[in-house]
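No experiment lies behind these values; they were computed from the predicted model shown.
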Amino acid sequence: MSFPSPSEAPVAFLDHLKALNLDLGLEIFTYYQTQPSEASDGQLDEARARSWCGGMDMLLGKLCQLEKSQPEHQALLSVIGELGAQQITDIDEQLTEQKKADTTAKEKREEEEHFQIDQVRLASEWAEQERAERVHKLDAERAAFELAKRELALKEKAFQDVQKSLVGDNDNDGDGNKDEDKNDDEGSKSA
């Protein structure tokens, strides 16, 4: 006995089931048509999909008993059973792929987060190294400045000491009278 294709003519297939009074077949095919659809993000709601698969599995269990009691509709009931079983398999595969994709996306996000953390850490380390180098350079410049300052102070003191010794030599010609020598020089100029 031939019957309409459930995938090509679902309405005619339903009418055929009604005409044969195959209520369970009708219930299973109607339930089949309510299979969960993908959300706008292209993913199934896992809880809803699992619930649907559980309901279909229960109906397919009842279908096995119906097939035994109505062998004349064996081919028709087999098609319904294959549709339901195939849809359960397809949903399970889609959920498995979805879970893999979610896991991969999560791992990628974690890698990106670790990368960002590493970048921040490296930038912080680099900034700290730069700061330490600047501090070291400033300390070295400060030490060089202090050394130059001390050297200048020593040279200035040496210069002052030389000046004092030169001034002291001019003032001391042996008699210890600076003023007398000056007066003698002034007196000879006026004379």
Please say whether more than 12 non-hydrogen atoms of neighbouring residues, nucleotides or ligands are located less than 6.0 Å from CD in Glu146. yes
In this structure, CD of Glu27 is separated from CD1 of Ile80 (nearest 0.5 Å) by 11.0 Å
Let me confirm one number: the CD-NZ distance from Glu113 to Lys106, rounded to the nearest 0.5 Å. 10.0 Å
Sequence neighbours excluded, the answer for side-chain contact (heavy atoms from CB on, under 4.5 Å) partners of Glu97 is Lys100
Please enumerate all residues that pass side-chain hydrogen bond (donor to acceptor under 3.5 Å, both in side chains) together with Glu112, with sequence neighbours excluded. none
Do you know the tightest heavy-atom contact between Glu38 and Gly42? CD-O, 3.6 Å
Roughly how far, to the nearest 0.5 Å, is CD1 of Ile88 from CG of Asp57? 5.0 Å
Nearest heavy atoms of Leu60 and Ala85, plus distance in Å: CD1-N, 3.6 Å
Any non-hydrogen side-chain atom of Leu95 less than 4.5 Å from a side-chain atom of Gln98? yes
Can you list the steps and then say if Arg131 with Glu128 is a salt bridge (Lys or Arg N to Asp or Glu O under 4.0 Å)? CA-CA 5 Å; Arg131 189 195 67 75; Glu128 180 58 31; 2.8 Å; yes
Which residues pass the salt bridge (Lys or Arg N to Asp or Glu O under 4.0 Å) test with Asp45, not counting sequence neighbours? none
Might you point out which heavy atoms bring Ile91 and Cys53 nearest each other, and give the distance in Å? CG2-SG, 3.5 Å
Looking at Val120, is its backbone amide N or carbonyl O close enough to the side chain of Ser124 to form a donor-acceptor pair, meaning the two atoms are under 3.5 Å apart? no
Pro36 to Leu44 - nearest heavy-atom pair and separation: O-CD2, 3.7 Å
Other residues, nucleotides, ligands: >12 heavy atoms within 6.0 Å of Gln65 CD: no
Could you go through the salt bridge (Lys or Arg N to Asp or Glu O under 4.0 Å) check for Arg50 and Asp92 one step at a time? CA-CA 8 Å; Arg50 295 267 180 229; Asp92 281 341; 2.9 Å; yes
Side chain to side chain contact (heavy atoms under 4.5 Å, CB included) for Gln35 and Asp90? Distances and angles first, verdict last. CA-CA 11 Å; Gln35 58 190 292; Asp90 291 348; over 6 Å; no
Taking atom types as modelled, find out whether Asp102 and Gln43 have a side-chain donor-acceptor pair closer than 3.5 angstrom. yes
Between atom NZ of Lys155 and atom CZ of Arg150, what is the distance when rounded to the nearest 0.5 Å? 13.5 Å
For Tyr32 and Leu83, work out which heavy atoms get closest and say how close. CE1-O, 3.6 Å
Got a second to check how far Leu63's CG is from Ile28's CD1, nearest 0.5 Å? 4.0 Å
Yes or no on side chain to side chain contact (heavy atoms under 4.5 Å, CB included) for Glu141 and Phe145, after CA distance, side-chain angles and deciding distance? CA-CA 6 Å; Glu141 288 175 356; Phe145 176 75; over 6 Å; no
Walk me through whether Leu122 and Trp126 qualify under side chain to side chain contact (heavy atoms under 4.5 Å, CB included). CA-CA 6 Å; Leu122 288 174; Trp126 180 78; over 6 Å; no
So how far is it from Gln129 CD to Glu125 CD, rounded to the nearest 0.5 Å? 9.0 Å
Apply side chain to side chain contact (heavy atoms under 4.5 Å, CB included) to residues Val79 and Phe29 and explain how you reach the verdict. CA-CA 10 Å; Val79 167; Phe29 190 69; over 6 Å; no
Which atoms form the tightest heavy-atom contact between Gln33 and Pro10, and what is the distance? NE2-CB, 3.5 Å
